[in-house]
Novice: 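A single structure is presented below for examination.
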Amino acid sequence: MTITAESTVRDIVLETPTAISVLERFGIDYCCGGGHTLAEACSKRDQSLAPVLNELKLQQNQSNPQGDWRGAPLQDLVSHIVHTHHAFARTQLGLIHELATKVERRHGSTHPEVHKIGNVLAGISAELTHHFSCEEEVLFPYIEQLNGSQAQRGPSVFSSAELPIARMMKDHGQTGDELRGLREITNDYQPPSDACTTYRALYRAMEDLERDLHQHIHLENNILFPRALELEKKYT
Ligand SMILES: [Fe+2]
Ligand SMILES: [Fe+2]
């Protein structure tokens, strides 16, 4: 595939997963907003198209450390999401909570924005905990046994994955909005000049969580869910 201004961001990332690092650097949404063309996505960020396009073309010739999940067994993809991305987010949310509590206690009076950050983080943490449970306990087990006929699969809690997948994607959209909100409050994760080491570590940890969530949501929205729906159609 030749990457052009009219390629959708989703297709670019599916074809060239190493493009993720370029898109992250330019702040271009490739998970929930993957349906936009590259030109549209750049214009949403007030970013000129040419440098993004040039870097993406360079990436096309590089090796692929992310792996290509488009043809992998769905069970392997589910296992990767749970053991890599859900596990990372859980650990990272615990670390972020500890750091945010310390920063709020020590610097809340001089930097009131840390209280706002603490509130948004508490909301994201509660939502993600619930979201991961829904995926791991209900949706993913259903997807993992989609390779057989309805009779082979046995009874399920739902007749089709369409509705639960739509709900998960709505959650992803909300998480994306909240992450963008955190970027605004933290001035793109630039700590204030008087920030202590803990304050800087908090911003770094939040940015690492954001980057991982983008990759995680991309794998679900753009690969796992469409493949599961296609498979479901084939066997029903
Ligand atoms: Fe997930
Ligand atoms: Fe999800």
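As the structure lists them, so they are numbered: ligands from 1, and atoms in each ligand from 1. One-based numbering along the sequence shown. Given the structure is predicted, the values throughout are model-derived calculations rather than measurements.
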Novice: Measure from the Fe ion (ligand 1) to every N/O/S atom of E220 and report the name of the nearest one.
Specialist: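 Of all N, O or S atoms in E220, the Fe ion (ligand 1) lies closest to OE2.
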Novice: I'd like the atom name of the N/O/S atom in H172 lying closest to the Fe ion (ligand 2).
Specialist: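 Nearest N/O/S atom of H172: NE2.
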Novice: Restricting to N, O or S, what is the name of the atom of E135 that lies nearest the Fe ion (ligand 2)?
Specialist: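 Looking at E135, the N, O or S atom with the least distance to the Fe ion (ligand 2) is OE2.
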Novice: Are L179 and M169 connected in a single hydrophobic cluster, I mean Ile/Leu/Val/Met/Phe/Trp/Tyr linked by side-chain heavy atoms less than 4.5 Å apart?
Specialist: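 No: no chain of side-chain contacts under 4.5 Å links M169 to L179.
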Novice: Can you label the angle between the Y199 ring and the H111 ring as parallel, tilted or perpendicular, going by 30° and 60°?
Specialist: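 Because their plane-to-plane angle is over 60°, the rings of Y199 and H111 count as perpendicular.
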Novice: Answer yes if the side chains of Y142 and E232 hold a donor-acceptor pair under 3.5 Å, and no otherwise.
Specialist: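 Distance-only check passes for Y142 and E232.
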Novice: Which label fits F225 and H172: parallel for a plane angle under 30°, tilted from 30 to 60°, or perpendicular past 60°?
Specialist: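 If you compare the ring of F225 with that of H172, the planes turn out parallel.
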Novice: To the nearest 10°, what's the angle at the Fe ion (ligand 1) between atoms NE2 (H86) and NE2 (H216)?
Specialist: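 About 90° at the Fe ion (ligand 1).
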Novice: Checking one value in my table: which N/O/S atom of H131 lies closest to the Fe ion (ligand 2)?
Specialist: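 This residue's closest N, O or S atom turns out to be NE2.
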Novice: Would H36 and Y30 satisfy ring-ring contact (aromatic ring centres under 6.0 Å, His included), going step by step from the backbone distance to the final call?
Specialist: CA-CA 9 Å; H36 290 118; Y30 61 90; over 10 Å; no
